[in-house]
Amino acid sequence: MQILVICTSDVDTIKSFITNQLPEILYIIASFSAGAYQMYMIEKKIMFVTLIVVPISLIASIIYFRYVEKKFEEIEEVEAKMTIALQENINGVRVVKAFNNEKYEINKFDKRNDQFRSMNEKLNNAMGLYWGLSDGTTMLQYALTISVAIFLAKKGMVSTGDIIACMMYIGMLVYPVRSLGRIIGDFGKAVVASNRVNEILAIPDEYTLNDGSLTPEIKGNIEFKNVSFKFDDSNDNLLNNISFSISKGETIALVGKTGSGKSTIASLLTRLLEYNGGEILIDGINLKDISKHWIRKNIGIVLQDPFLYAKTIMENIRIGDKALPDEKVYEASQMAAIHNDILEFSEGYNTLVGEKGVTLSGGQKQRVAIARMLILDKPIIIFDDSLSAVDTKTDVQIRNALKMRKEKLTTIIITHRITTAKEADKIIVLENGSISDIGTHQELASREGLYKMLWDIQGALEKEFDLVKRGDNNE
Amino acid sequence: MNSFEEQDFSSEKFNAGIWKKILKLVLKRKKYLIWMIIFVTGLACLDILYPLLNSYAIQKFFTEENFETVPAFIACYVGIAFGYGITVWGFIKMAGIVEARVEYEIRNEAFNNLQVLPFSYYDKTPAGWIMARLTSDARRLSNIISWGLVDMLWGGFTMVGLLIVMFVVEWRLALIVVAMIPFLVLVSFYFRKKILKSYRNVRKLNSKITGDYNEGILGSRTTKTLVLEDDRNRDFNKLCLDMKKSSIKAIIYSSLFYPILLVLSYVAVAIILRVGGGMIIGRVEALIGVSTLYLFISCATQFFDPIMQIARILSDFQQAQASAERVLSLVETKPEIYDTNDVIEKYGTIMNPKKENWEELYGDVEFQNVTFSYTGKEEVLKNFNLKVQRGTSVALVGPTGAGKSTIINLICRFYEPTTGKILIDGVDYKKRSLSWLHSNLGYVLQTPHLFNESIADNIRYGNFEATMDEVIAASKAVNAHEFIMALPDGYNTVVGEGGSKLSTGQKQLISFARAILADPKILILDEATSSIDTKTEEIVQDVTNRLLKGRTSFIVAHRLSTIQNADIILVIKGGEIVEKGTHQELLSLRGEYYDLYRNQFINEGIEKTKF
């Protein structure tokens, strides 16, 4: 969220400094110097008398606006507390009501609301004092200047015209100074904001950074050779010496506990992350020599919690290629087993999703994302636990539809479901960032290890189920 | 499926009813309001007095060179300086008090009303919408009202005062100033309208840009993997370009506004100079002094400021009307579920319950021919009948959208049956108060809701009268005591927003402890589907079983063990009970439950055991 704040409110701060405060500064300088010059030309003494109040006002203004800024921070804190109380009340309305705590909530909110009120009143009082004092002093300054003018007039040293002119110029010297404290504060904020924006602008984009240039035809043979990966800020390898190969058209399954590195492998393959050791070959070509755009165009990946854009379902599905005809969209949706769900929405494929539209369930989102990927005819596809929110029946249905496609795709399935993994040509078991076993279901189920353990649990449950069934038959 | 249709509040027509209500709110602060008027009037007087005094000085001291009254004059000047100090401080303070208190009251009233609004309201209304009403709208409204009022009063008084002075001193010159008023008014209102419109457009685009940013950040992974960067960039650039264009348009209007007004007011000054100067030199019949001319120039320049201010305030008010309509709509929403007057008389209200009249609740629950519909069209429950004896645990299973949550909502009286009755201990629950039912209810949510307060306070949410010992006993009962004591501040640890400092499992245990402390007769348990680590899982299951003992309980069940342990399992589908019985009985039916078990629970069983 930090990024969003920088991109919106920090940019706004800079903008408003340029459009509001900058002209104000120029105006103050112009008005002050023009006023001072004019008075100087007319009568030096009057000018110097008038200048007495300027440093006092300036200092007072700087002190006051510093104070206000600090108070504002305090108020913001209190306001945040109040907002949180409100937010928690709304989000927790079930709990509030079910435990009959409305009275408690009302009292709690009232307390925070009242605190916020009293702090606002206090700050406002300080504001009143400052402006009152500063208006009063300004008027005293007028009184002083006029007294001096009268004194000079008595001696016949100035003319009436000069005095009238001077009286008009006093304001030009005295008024602008009072806001300087605020402008100085705003300037500080604008500097901080622009530093933060520049920090973002200074980060090099990933395409200028070690991007490859080749765009070969991708057939779908993948080979990992002793690949390791760790994050820059960590000492521990997330992946250690990973080696395996997948031939064109094969389906492999990656299984393992959360955090064992399954999703990292998918990210390395699409170069969202950079591996630190070993190499990855696609059809024998080093992955790092291939253009990032090209590799991503050829590898379709569906994430566990996919993101849908605030557009219609139709637009979302063909977002990768807007020229695709509606028929293709329907076809992909049918393959992803989401077509019937979409038709049930009141506006069908034209239903808006995202923030302002319909909220889809996790499973529906996953299936829309699958359709979005399938429509693009990519030679390699990765399901990154992207059927987790889809029920088993639909899971099978989608995988069968994939098998029916005439051209065989290289498929990587990352999954928690043993029944899904079982169907793969090859199963890779990951434990703590290393491959602990590779083989077919038959092989893995017959040797000791994590996979066998999982399979046995499945078996035990099936057996319990069978027992009940047999019990029924005996009745 | 929550598509919320926002009512259209952007009406441009003047809504007298709304302003009447707002005025009522403001008038409640009579004392401060009167002081505010006094200070503002004082300020306006000083604004008029001050050029008069200067003009006196010019006439007496600089023209006639008569210095007798100098000390009195300076004393007067100093007096005015103090007067300014006091009135400026006073009106700011008073307006601030009115602002803060109106804001406070609007917010409090809205919040109090929120507490009695039923569930249907929260289902239809996004939380963000409610939040915005109670925060920014309440703020903007009270701000514009109280400061607008000050500016209005000040502007009005100043204009009237200046006019009087000008007419008394030299009515012919005054007429020149008056002649300029229509032009100024016309220009002011024309530009205000334009500026308002163009900034509205800018704001709309701005919120679109923020939305796009948000999408760009949240969806960056998806955008990259689909290679949509250029595409998204193009869309965003177009939006920014639109923003640039409409911002420039808005700025042109607002930068033209002030200079045009200035030119107009200086035209007036120039005419005054021409005519007035002529008078001094003597071309026009009566002679006026330099001091009068000075007075007119400063009056004329001072006179036009209030007009601009009033134009601004009126357009501010116009904007504030939308805020006012929204906030008041919230304050005035009537709850659909409420205690009847008879019930209130006997059992009291939320704020003042008459607990001495409350009957003890035993926990027999009965649905009699209950039909329910959220929208009035589609029936979620159809002619639903169910009788549950006190102390029975009931597991509700079935596909999403089958009506499980609806049954829970009805038992909690978050909603009421469209037709039919729900009896608790044999009596229609509408004949008892909401507080009575909720005092005997415990609710453990699928995603536990914790408040950003200490752990002790979070547990105590079940019963605020509980002592610390009771809180600890409840924590021990759910095996939470150990992990709580391991936290740096023990029971005083503040859990963070949404309980962010605790794990999902820990949050669940706390919400269990809360329910134990409440010691409810009826317990609602909405089981979590998300998996937690094996050890916590075991504890949670153990605690669940203990919690259910001796209470009537309804469980939206996902865990196999919970379902197996329930006294009755109801399979709900399409708003009806399709199967009813124990685990063994239902499996032998080979119906819906059998399918469900095969498809879902086997897989869930596996996933839960290992990962």
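This one's a predicted model, so the numbers in the text were calculated from it and none came from an experiment.
- Residue B/Arg101 touches chain A through both its backbone and its side chain, counting heavy-atom pairs closer than 4.5 Å.
- Contact between B/Ile350 and A/Lys103 at its shortest, heavy atoms only, is O-CD, 3.7 Å.
- When heavy atoms are compared at a cutoff of 4.5 Å, B/Phe414 approaches chain A solely by way of its side chain, counted from C-beta outward.
- The two residues B/Arg221 and A/Ser267 have their closest heavy-atom pair at NH2-OG, 2.9 Å.
- Neither the backbone nor the side chain of B/Phe91 comes within less than 4.5 Å of any heavy atom of chain A.
- The distance from the CZ atom of B/Arg460 to the OH atom of A/Tyr104 is 9.5 Å, given to the nearest 0.5 Å.
- Applying the salt bridge (Lys or Arg N to Asp or Glu O under 4.0 Å) test to every pair with at least one member in residues 80-99 of chain A, sequence neighbours left out, gives no pairs at all.
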Please assess A/Lys154 against B/Glu65 for the test salt bridge (charged side-chain N to carboxylate O under 4.0 Å, His left out), listing each intermediate value before the final yes or no.
-> CA-CA 7 Å; A/Lys154 232 176 175 177; B/Glu65 305 203 341; over 6 Å; no
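- Put simply, the residue from A/Asn120, A/Asn113, A/Asp110 that forms a side-chain hydrogen bond (donor to acceptor under 3.5 Å, both in side chains) with B/Tyr104 is A/Asp110.
- Proximity to chain B is limited to the side chain of A/Lys378, based on heavy atoms less than 4.5 angstrom apart.
- Contacts of B/Thr135 with chain A are made by side-chain atoms alone, with heavy-atom separations under 4.5 Å and no backbone atom involved.
- Within the 4.5 angstrom heavy-atom criterion, no atom of A/Ala369 approaches chain B.
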Please walk me through it: do A/Val96 and B/Phe451 pass side-chain contact (heavy atoms from CB on, under 4.5 Å)?
-> CA-CA 11 Å; A/Val96 173; B/Phe451 297 85; 4.2 Å; yes
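- At a threshold of 4.0 Å, the pair A/Glu121-B/Lys93 does not count as salt-bridged, since none of the basic side-chain nitrogens sits closer than that to a carboxylate oxygen.
- Chosen from B/Thr210, B/Leu53, B/Thr349, B/Asn108, the residue pairing most often with chain A at heavy-atom distances under 4.5 Å is B/Asn108.
- Heavy atoms closer than 4.5 Å to chain B are found nowhere in A/Met119, neither backbone nor side chain.
- With a threshold of 4.5 angstrom between heavy atoms, B/Val70 approaches chain A through side-chain atoms but not through N, CA, C or O.
- For NZ of A/Lys122, the number of neighbouring non-hydrogen atoms (other residues, nucleotides, ligands) closer than 6.0 Å is 12 at most.
- Between B/Glu453 and A/Lys108 there is a salt bridge, with a side-chain nitrogen of the basic residue lying less than 4.0 Å from a carboxylate oxygen of the acidic one.
- A pairwise comparison of heavy atoms in A/Thr83 and B/Met131 identifies CG2-CE, 3.4 Å as the closest pair.
- When heavy atoms are compared at a cutoff of 4.5 Å, B/Leu117 approaches chain A solely by way of its backbone atoms N, CA, C and O.
- Interface residue B/Tyr461: backbone and side-chain heavy atoms are both found under 4.5 Å from chain A.
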Give the C-alpha distance, both sets of side-chain angles, the deciding distance and a yes or no for side-chain contact (heavy atoms from CB on, under 4.5 Å) between B/Phe111 and A/Asn89.
-> CA-CA 9 Å; B/Phe111 187 85; A/Asn89 178 271; 3.7 Å; yes
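- Taking chain B as the reference chain and counting heavy-atom pairs below 4.5 Å, the highest number among A/Glu79, A/Lys322, A/Arg372, A/Met373 is found for A/Arg372.
- A side-chain donor-acceptor contact under 3.5 Å links B/Thr223 and A/Tyr309.
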Applying side-chain contact (heavy atoms from CB on, under 4.5 Å), run through A/Asn125 and B/Trp89 and close with a yes or a no.
-> CA-CA 8 Å; A/Asn125 190 31; B/Trp89 166 71; 2.9 Å; yes
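- Looking at B/Leu441, both its backbone and its side chain come within 4.5 Å of chain A, counting heavy atoms on both sides.
- Listed options A/Leu129, A/Asp135, A/Ile146 were ranked by heavy-atom pairs under 4.5 angstrom with chain B; first place goes to A/Leu129.
- Summarising the geometry of B/Asn112 relative to A/Ile106, their closest heavy-atom pair is OD1-CG2, 3.3 Å, with the distance given to 0.1 Å.
- Note: A/Asp114 leads A/Thr138, A/Thr137, A/Asp114, A/Val302 in heavy-atom pairs under 4.5 Å with chain B.
- Contact count versus chain B (heavy atoms, under 4.5 Å) is highest, among A/Asn101, A/Ile319, A/Ile299, for A/Asn101.
- Of all heavy-atom pairs spanning B/Tyr443 and A/Ala98, the tightest one is CB-CB, 3.4 Å.
- Of the two parts of B/Asp212, neither the backbone nor the side chain holds a non-hydrogen atom closer than 4.5 Å to a non-hydrogen atom of chain A.
- Neither the backbone nor the side chain of B/Asn440 comes within contact range of chain A, judged by heavy atoms closer than 4.5 Å.
- In terms of heavy-atom pairs under 4.5 angstrom with chain A, the leader among B/Ile86, B/Ile80, B/Asp231, B/Leu434 is B/Asp231.
- We find the CD1-OG1 distance between B/Ile209 and A/Thr8 to be 10.5 Å, quoted to the nearest 0.5 Å.
- Around atom CZ of B/Phe82, no more than 12 heavy atoms belonging to other residues, nucleotides or ligands sit under 6.0 Å away.
- With a 4.5 Å cut-off on non-hydrogen atoms, B/Val116 touches chain A through its backbone but not through its side chain.
- Between the CG atom in A/Leu303 and the OG1 atom in B/Thr225 there is a gap of 5.5 Å [rounded to 0.5 Å].
- Looking at B/Ile297, only its side chain comes within 4.5 Å of chain A, counting heavy atoms on both sides.
- For B/Ile97 against A/Asn124, the heavy-atom pair with the smallest separation is N-ND2, 4.4 Å.
- Comparing B/Arg232, B/Arg413, B/Arg107 by how many heavy-atom pairs each has under 4.5 Å with chain A, the most go to B/Arg107.
- Between chain B and the options A/Ile301, A/Leu272, A/Thr270, A/Leu133, heavy-atom pairs under 4.5 Å are most frequent for A/Leu272.
- For B/Ser511, no part lies near chain A; criterion is any non-hydrogen pair under 4.5 Å.
- Here B/Ser435 is the residue among B/Cys412, B/Ser435, B/Gly96 with the most heavy-atom pairs under 4.5 Å with chain A.
- The most heavy-atom pairs under 4.5 Å with chain B, out of A/Asn91, A/Leu140, A/Ile150, come from A/Ile150.
- One finds the CG atom of B/Asn463 at 10.0 Å from the CZ atom of A/Phe99 (value rounded to the nearest 0.5 Å).
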Assess whether side-chain contact (heavy atoms from CB on, under 4.5 Å) is satisfied between A/Glu206 and B/Glu229, documenting all intermediate values.
-> CA-CA 12 Å; A/Glu206 63 162 340; B/Glu229 291 108 323; 4.2 Å; yes
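- Interatomic distance, B/Lys224 NZ to A/Arg271 CZ, rounded to the nearest 0.5 Å: 12.0 Å.
- Under the 3.5 Å distance criterion, the side-chain polar atoms of A/Asn100 are left unmatched by any main-chain donor or acceptor of B/Leu437.
- For the atom pair CG (B/Leu218) and CG (A/Leu308), the distance works out to 12.0 Å, reported to the nearest 0.5 Å.
- Open room surrounds CZ on A/Phe151; 12 or fewer heavy atoms of other groups in view lie less than 6.0 Å from it.
- Annotation: maximal heavy-atom pairing with chain A below 4.5 Å, among B/Trp436, B/Tyr294, B/Phe61, B/Tyr77, occurs at B/Tyr77.
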